[in-house]
Amino acid sequence: MMRALRVLGGICSVLYPLLVLWVLSSYREQLQLICLAVLPVLVVVCLIRWVRDRRLVRLLSPAVLILLFSAVLATDSPDFFKLYPILVSGLLLVQFAGSLLNPPTVVERFAAMAQRGGAPLSPGAVSYCRKVTWVWVGFFCFNIGVSGLTALIGSWEVWTWYNGCISYMLIGLLMAGEWLVRRRVRL
């Protein structure tokens, strides 16, 4: 049951821009009621996550959504929904950049988990992982900027296209490019 809820939450997170556009285009008049219905669900998600593992990092995404839904409810302005992709990229930026200051880096942790036989990473691999982490830091800075621009000056459709499609394609391209470079470098 919990796994199904996690999968559903992940799907909703990925589809967030599309869901927001759909709700606004189909149910704008009921936005206040939708916020009132979603807020208790998000609070329950936060409580379940807190009870299960007591890690604040697991509360960030639903807590941010609680704040955004509350702001929309209080102001009747759906523009607050546009902040979610910016905040998620900001949180990822902090996590990746923080790992550069306090190693091992996020990329190094992923590489160590993927390492066969649990052998430690070579110094060259650690150095490569730091460089890849810097690339992700740059990407998150770029993504925050473009997401912010689409939120400020773009229509809901432009915001949805970038945050619900183009940014995911850019992430995929970055991951594929890194995979190709890694195969060539052969760490």
- Message: According to a hydrophobic-cluster definition based on side-chain heavy atoms being under 4.5 Å apart (Ile, Leu, Val, Met, Phe, Trp, Tyr only), do L36 and L68 belong together?
- Response: yes
- Taking the side chain as C-beta and beyond, is there a heavy-atom pair between S99 and R109 under 4.5 Å? yes
- Item | Main-chain N/O of V14 paired to Y168 side chain as donor or acceptor, under 3.5 Å | yes
- Query: Do the side-chain N and O atoms of E178 and Y128 include a donor-acceptor pair separated by under 3.5 angstrom?
  - Reply: yes
- Do P78 and V20 have side chains that get closer than 4.5 Å, going by heavy atoms? no
- Please round to the nearest 0.5 Å and tell me the distance separating atom SG of C129 and atom CG of L100. 11.0 Å
- Contact summary for Y84 and S13, nearest pair of heavy atoms: OH-OG, 4.1 Å
- Task: Check whether more than 12 heavy atoms from other residues, nucleotides or ligands sit under 6.0 Å from atom CZ of F110, and answer yes or no.
- Result: no
- Query: When rounded to the nearest 0.5 angstrom, what distance separates CD1 in I171 from OG in S89?
  - Reply: 7.0 Å
- Interatomic distance, T150 atom OG1 to I86 atom CD1 [nearest 0.5 angstrom]: 6.5 Å
- What is the distance from atom CZ of F139 to atom CG of L92, rounded to the nearest 0.5 Å? 9.5 Å
- Does the gap between the ring centers of W134 and F96 come in under 6.0 Å? no
- For residues L18 and L15, determine if any side-chain heavy atom of one lies less than 4.5 Å from a side-chain heavy atom of the other. yes
- Message: Assigning hydrophobic clusters by single linkage (Ile, Leu, Val, Met, Phe, Trp, Tyr; side-chain heavy-atom cutoff under 4.5 Å), is L42 placed with L47?
- Response: yes
- Item | Shared hydrophobic cluster, I66 / L73 (ILVMFWY, side-chain heavy atoms < 4.5 Å) | yes
- Linked, directly or transitively: V132 and F142 (ILVMFWY side chains, under 4.5 Å): yes
- Hey, any chance L24 and I153 share a hydrophobic cluster, counting ILVMFWY side chains that come within less than 4.5 Å of each other, even indirectly? no
- Item | Check: N143/S167 side-chain N/O donor and acceptor closer than 3.5 Å | no
- For the pair S127 (side chain) and P123 (backbone), establish whether a donor and an acceptor sit closer than 3.5 Å, ignoring hydrogens and angles. no
- Item | Ring-ring centroid check F69 F81, cutoff 6.0 Å | yes
- Beyond-backbone contact of C12 with L19, side-chain heavy atoms, under 4.5 angstrom: yes
- Beyond-backbone contact of L174 with W136, side-chain heavy atoms, under 4.5 angstrom: yes
- Could you walk me through whether S147 and K82 pass the side-chain contact (heavy atoms from CB on, under 4.5 Å) check? CA-CA 8 Å; S147 292; K82 290 182 175 181; over 6 Å; no
- Task: Check whether more than 12 heavy atoms from other residues, nucleotides or ligands sit under 6.0 Å from atom CH2 of W156, and answer yes or no.
- Result: yes
- So CG of L121 and CD of E108: to nearest 0.5 Å the spacing works out to 5.5 Å
- Find out whether F80 and L67 are in side-chain contact, i.e. whether some heavy atom of one side chain is under 4.5 Å from a heavy atom of the other. no
- Message: Which Ile, Leu, Val, Met, Phe, Trp or Tyr residues join L180 in one cluster when any pair of side-chain heavy atoms under 4.5 Å counts as a link?
- Response: W179
- Item | Side-chain heavy atoms of L31 within contact of R28, under 4.5 Å | yes
- Task: Drop me the distance from L91's CG to F140's CZ, to the nearest 0.5 angstrom.
- Result: 10.5 Å
